[in-house]
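Written below as structure tokens is the structure these notes are about.
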Amino acid sequence: MEYINNELCLGPLKKPLLPLVANYMRPIYVYDLDFIAQRFNAMAAALKGVRLFYAMKANSNPGVLQKLKSLGAGADVVSLGEIKRALECGFQPQDIVYSGVGKTKFEISEALKLGIYQINVESLPELERIGKIAREMGKKAAVALRLNPDVDIKTHPYIATGLKDNKFGMELSLVPALVDCLKSFTDSISLVGVSLHLGSQMLEFSGYEEALQRLKKVFLQLKKEFPDLKKFDFGGGLGIFYDRADLELEESLLRQYAEITLRTLADLNCELQSEPGRWLVAHCGALITQVQYIKETSAKTFVIVDAGMNHLIRPSLYEASHRIEPLKKGPAAAVVDVVGPICESSDFFAKERSLTTVQEGDFLAIMDSGAYGYSMASIYNLQELPLEVCI
Ligand code: LLP
């Protein structure tokens with residue numbers, strides 16, 4: 001962690017965070033846009049020739065979206081709300097891939113009206129629904145089949161999506177039925193691609209490589225019958241480290257991931273697409289919170305802060321462990337639990353963590369919370385949403 005004059009800084013340009021709390025009102029998510037640019041450019045260089053559709057569920061802050069758009073990203077969306085936000089931030093319909101298992105009739109017809117680039121279909125009934133709606137509208141829907149290759153990427157069960165007992169994608173054994181369905185909608189559906197997304201926080205790639213191989217075979221099979229098939233979307237999911245700041249190691253994992261992907265798919269001569277979220281934005285954001293009380297009990301010391309699980313749910317939901325740093329470096333460490341004000345015992349950010357001694361009124365940064373932070377926030381307990389600031 002970078003401190004200059006004992007003050008915490010964020011990102012490659014070492015931007016100081018302390019000025020942000022001058023008129024502090026409530027927890028603040030801060031996003032370093034230069035850091036996002038650095039991450040995007042690194043990924044675009046490693047995945048040369050691949051079209052990157054940023055998975056905006058990770059962070060849909062307008063400043064972040066505009067930045068990524070200006071760098072050349074498209075958007076991967078999962079709701080009409082995300083489509084609208086993407087359009088407001090300058091993305092064109094032709095920059096948008098629409099994923100998600102539960103698209104409503106209304107959402108599908110709006111997407112078709114707008115001319116969204118590609119709809120990633122997640123079930124046979126969804127394919128039929130799209131075929132019928134497009135037919136009624138006199139449109140031709142460009143779809144990719146999201147297939148589920150049934151491989152394990154060894155991540156938290158709540159964020160694994162590529163196993164056959166997950167709700168996502170379609171089993172490979174369904175391909176003949178999908179082909180029949182596509183043939184009955186040749187007027188209203190054009191099969192343009194295949195896609196996969198195995199889950200999030202992937203740090204080891206043997207399952208991923210196997211999945212690419214399996215999907216490649218299906219692509220080649222389908223290609224014989226569907227000449228418009230020209231896109232292969234290999235999903236997102238590349239992981240990061242939350243327990244340390246080791247960007248070099250992350251970039252070397254990125255290179256490994258890119259090498260496997262490009263080596264496996266190069267000879268398909270098709271448009272390669274990816275949907276990264278976390279890797280681009282997680283490190284670039286921090287949640288700033290103020291210490292309210294130091295509460296000593298016979299068992300523990302609790303540092304009670306004004307941010308809660310409603311602002312950043314990752315520790316409660318996945319037992320994720322985010323680094324916590326004081327904005328001003330203090331003296332020697334104590335072992336504490338960092339908890340929020342919410343009326344749930346799962347409202348914690350850290351347990352038995354060694355932390356610089358802090359006092360009431362001090363500020364802490366919960367690091368690496370640029371992905372799945374604000375975008376998963378709620379007003380539980382009628383706590384206000386945090387503020388967001390781009391620097
Ligand atoms: N594509 C699809 C279809 C997805 O469902 C996701 C994430 C992504 C791309 C982007 O994955 P990423 O590159 O960010 O790993 N809330 C959880 C993560 C949920 C991921 C949901 N889908 C967390 O905080 O860990």
Side-chain angles (χ1 to χ4, degrees), residues 29 36 39-40 43 46-47 50-60 64 68 73-79 82 86 96-103 118-123 126 144-149 153-163 166-170 193-205 208 211 215 232-242 250 253-254 257-258 261 273-285 287 309 311-322 349 366-378:
Y29 272 103
I36 291 177
R39 296 288 276 187
F40 181 86
M43 186 173 264
L47 289 170
V50 174
R51 191 158 177 208
L52 300 179
F53 293 87
Y54 165 57
M56 64 178 279
K57 64 174 83 68
N59 184 329
S60 45
V64 169
L68 285 162
D76 170 77
V77 306
V78 287
S79 69
E82 287 193 348
I96 297 175
V97 168
Y98 184 13
S99 312
V101 294
K103 302 177 194 84
Q118 176 179 316
I119 302 179
N120 286 359
V121 174
E122 304 241 11
S123 66
E126 185 193 332
L145 301 176
R146 175 167 174 188
L147 295 162
N148 181 335
I153 59 158
K154 301 182 180 72
T155 187
H156 189 285
Y158 287 7
I159 53 175
T161 58
L163 285 160
N166 296 132
K167 70 177 173 181
F168 299 97
M170 298 175 278
V194 296
S195 87
L196 62 77
H197 173 73
L198 305 178
S200 206
Q201 253 318 66
M202 182 166 65
L203 289 163
E204 189 275 327
F205 308 120
Y208 172 68
L215 200 60
F232 193 115
D233 174 350
F234 55 87
L238 183 60
I240 63 154
F241 299 113
Y242 282 95
E250 284 182 9
L253 285 175
L254 166 68
Y257 169 77
T261 308
Q273 309 171 332
S274 180
E275 308 159 359
R278 184 192 318 267
W279 202 91
L280 298 176
V281 292
H283 288 314
C284 314
L287 173 61
M309 63 189 287
H311 298 126
L312 176 66
I313 202 172
R314 306 195 67 261
S316 314
L317 194 56
Y318 319 113
E319 296 182 326
S321 174
H322 287 245
F349 292 115
I366 304 175
M367 306 304 290
D368 308 322
S369 35
Y372 307 108
Y374 189 95
S375 63
M376 294 180 83
S378 78

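All heavy atoms count here, side chains included; hydrogens, waters and symmetry mates do not. Just follow the structure's listing: the first ligand is 1, and inside any ligand the first atom is 1.
- Pairing each heavy atom of Ala75 with each of Ala86, the nearest pair is CB-CB, 4.3 Å.
- Regarding atom 22 (N) of ligand 1, its nearest protein heavy-atom neighbour is Lys57 CD, 3.6 Å.
- Atoms of ligand 1 found under 4.0 Å from any heavy atom of Tyr318, numbered from 1 in the order shown, are 16 (N), 17 (C), 23 (C), 24 (O), 25 (O).
- Scanning all protein heavy atoms for the shortest distance to atom 8 (C) of ligand 1 gives His197 CE1, 3.4 Å.
- Using bins of under 30°, 30° to 60° and over 60° for the plane-to-plane angle, the ring pair Tyr374/Tyr29 lands in the perpendicular bin.
- Listed here is the closest heavy atom pair of Gln201 and Gly239: OE1-CA, 3.0 Å.
- Proximity to Arg278 (heavy-atom distance under 4.0 Å) selects the following atoms of ligand 1: 12 (P), 13 (O), 14 (O), 18 (C), 23 (C), 25 (O).
- A salt bridge between Lys57 and Glu275 is absent, with no side-chain N of the basic residue lying under 4.0 Å from a carboxylate O of the acidic one.
- Geometrically, ligand 1 and Gly277 share a nitrogen or oxygen pair separated by less than 3.5 Å.
- The protein heavy-atom contact nearest to atom 15 (O) of ligand 1 is Ser200 OG, 2.3 Å.
- Taking atom 19 (C) of ligand 1 as the reference point, the nearest protein heavy-atom neighbour is Ile159 CG2, 3.8 Å.
- Using a 4.0 Å cut-off to heavy atoms of Ala55, the atoms of ligand 1 that qualify are 8 (C), 9 (C), 10 (C).
- Atoms of ligand 1 lying under 4.0 Å from any heavy atom of Met376, numbered from 1 in the order shown and given with element: 16 (N).
- Arg314 NE, 2.6 Å is the protein heavy atom nearest to atom 24 (O) of ligand 1.
- Here the CE-OH distance, from Met202 to Tyr257, works out to 5.0 Å after rounding to the nearest 0.5 Å.
- Rounding to the nearest 0.5 Å gives a distance of 7.0 Å between NZ of Lys103 and CD1 of Ile119.
- Atoms of ligand 1 found under 4.0 Å from any heavy atom of Arg146, numbered from 1 in the order shown, are 3 (C).
- Interatomic distance, Phe234 CZ to Tyr208 OH, rounded to the nearest 0.5 Å: 4.5 Å.
- Rounding to the nearest 0.5 Å gives a distance of 10.5 Å between CG of Leu312 and CG of Leu317.
- Residue contact check for ligand 1: Met202 places no non-hydrogen atom closer than 4.0 Å to it.
- Every atom of ligand 1 is numbered from 1 in the order shown, and the set under 4.0 Å from a heavy atom of Glu275 is 1 (N), 2 (C), 3 (C), 8 (C), 9 (C), 10 (C).
- Counting atoms of ligand 1 from 1 in the listed order, those under 4.0 Å from a heavy atom of Gly237 are 11 (O), 12 (P), 13 (O), 15 (O).
- The CG atom of Leu52 lies 4.5 Å from the CZ atom of Phe40; values are rounded to the nearest 0.5 Å.
- Side-chain atoms of Glu122 and Asn120 include no donor-acceptor pair closer than 3.5 Å.
- Taking atom 20 (C) of ligand 1 as the reference point, the nearest protein heavy-atom neighbour is Tyr372 OH, 3.6 Å.
- No N or O atom of Trp279 sits closer than 3.5 Å to an N or O atom of ligand 1.
- Below 4.0 Å from some heavy atom of Pro276 lie the following atoms of ligand 1, by number and element: 13 (O).
- For Ser200 and Arg278, the side-chain atoms include at least one donor-acceptor pair closer than 3.5 Å.
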